[in-house]
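This chain uses plain numbering: 1 for the first residue, then up along the sequence.
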Amino acid sequence: MSKINYSVNLFSESTKDLEKFLNLFYKKNIKLNQNLSYEEFFENPIEMVELISTAIDNNDKFNIGIWISIDKDIFINITENNLDKIIRYLFERYPE
């Protein structure tokens, strides 16, 4: 049986905004080579909470869009309006 990977997709109209956010978040130099998007996979969807929360909390500085996938071929747009509900849902659906 293959492992399910859950994903966070970040996108921006500015490569510099996205790189600056990722460099600050991960505390290391990340080069996107002019890509306007970044995708990261997680084995446990609870692990994505910190990334999506931080991106939303800093959206006024970086203007980054966020989509997550926790089911195959289904993507959910994360916004300030639905962040709390999505986080609660993740903890209910995937209790540790």
Would you call Asp57 and Asn59 a side-chain contact if the rule is heavy atoms closer than 4.5 Å? no

Kindly state each residue pair satisfying salt bridge (charged side-chain N to carboxylate O under 4.0 Å, His left out) with at least one member in residues 61-76, sequence neighbours excluded. Asp71-Arg93

Those residues at least two apart in sequence (or on a different chain) that pass ring-ring contact (aromatic ring centres under 6.0 Å, His included) with Phe62 are Phe21

Mind listing the closest non-hydrogen atom pair of Asn77 and Asn82 along with its distance? O-ND2, 2.8 Å

The ring-ring contact (aromatic ring centres under 6.0 Å, His included) partners of Phe41 (sequence neighbours excluded) come to none

Check against side-chain contact (heavy atoms from CB on, under 4.5 Å), Ile66 and Thr79: CA-CA 7 Å; Ile66 308 161; Thr79 66; over 6 Å; no

Looking at every heavy atom in both Leu90 and Val49, which two are closest together, and how far apart are they? CD1-CG2, 3.9 Å

Would you say that Met48 contacts Ile70 through its side chain, given a criterion of any heavy-atom pair below 4.5 Å between the two side chains? yes

Quick test of your reading: applying salt bridge (charged side-chain N to carboxylate O under 4.0 Å, His left out), list the pairs with at least one residue in residues 11-33, sequence neighbours left out, ordered by first then second residue. Glu19-Lys31

With sequence neighbours left out, the residues meeting side chain to side chain contact (heavy atoms under 4.5 Å, CB included) with Asn29 are Asn23

Mind listing the closest non-hydrogen atom pair of Glu47 and Glu43 along with its distance? OE1-N, 4.1 Å

So, does Asn35 use its side chain to make a donor-acceptor pair with the main chain of Ser37 at under 3.5 Å? no

On the 0 to 90° scale, with breaks at 30° and 60°, tag the Tyr6-Tyr94 ring pair as parallel, tilted or perpendicular. perpendicular

CD1 of Ile87 to CD of Glu92: how many Å apart, nearest 0.5 Å? 12.0 Å

Could you give me the CA-CA distance, side-chain angles and deciding distance for Ile52 and Val8, then say whether side-chain contact (heavy atoms from CB on, under 4.5 Å) is met? CA-CA 8 Å; Ile52 63 176; Val8 173; 4.0 Å; yes

Main-chain N/O of Ser7 paired to Ser69 side chain as donor or acceptor, under 3.5 Å: no

What is the minimum heavy-atom distance between Asn63 and Ser12, and which atoms define it? O-OG, 3.4 Å

Check: Leu36 and Leu18 side chains under 4.5 Å, non-hydrogen atoms: no

Could you work out the complete set of other residues in the hydrophobic cluster of Phe75, with links drawn between I, L, V, M, F, W and Y side chains under 4.5 Å apart? Phe11, Trp67

Taken to the nearest 0.5 Å, the spacing of Ile86 CD1 from Asn81 CG works out to 11.5 Å

Applying side-chain contact (heavy atoms from CB on, under 4.5 Å) to Asn9 and Tyr38, what does each step give before you reach the verdict? CA-CA 6 Å; Asn9 298 280; Tyr38 172 82; over 6 Å; no

Min side-chain heavy-atom separation Phe25-Leu51 under 4.5 Å: yes

Measuring only between side-chain heavy atoms, which start at C-beta, is Phe42 closer than 4.5 Å to Asn5? no

Side-chain contact, heavy-atom cut-off 4.5 Å: Leu24 with Asn58? no

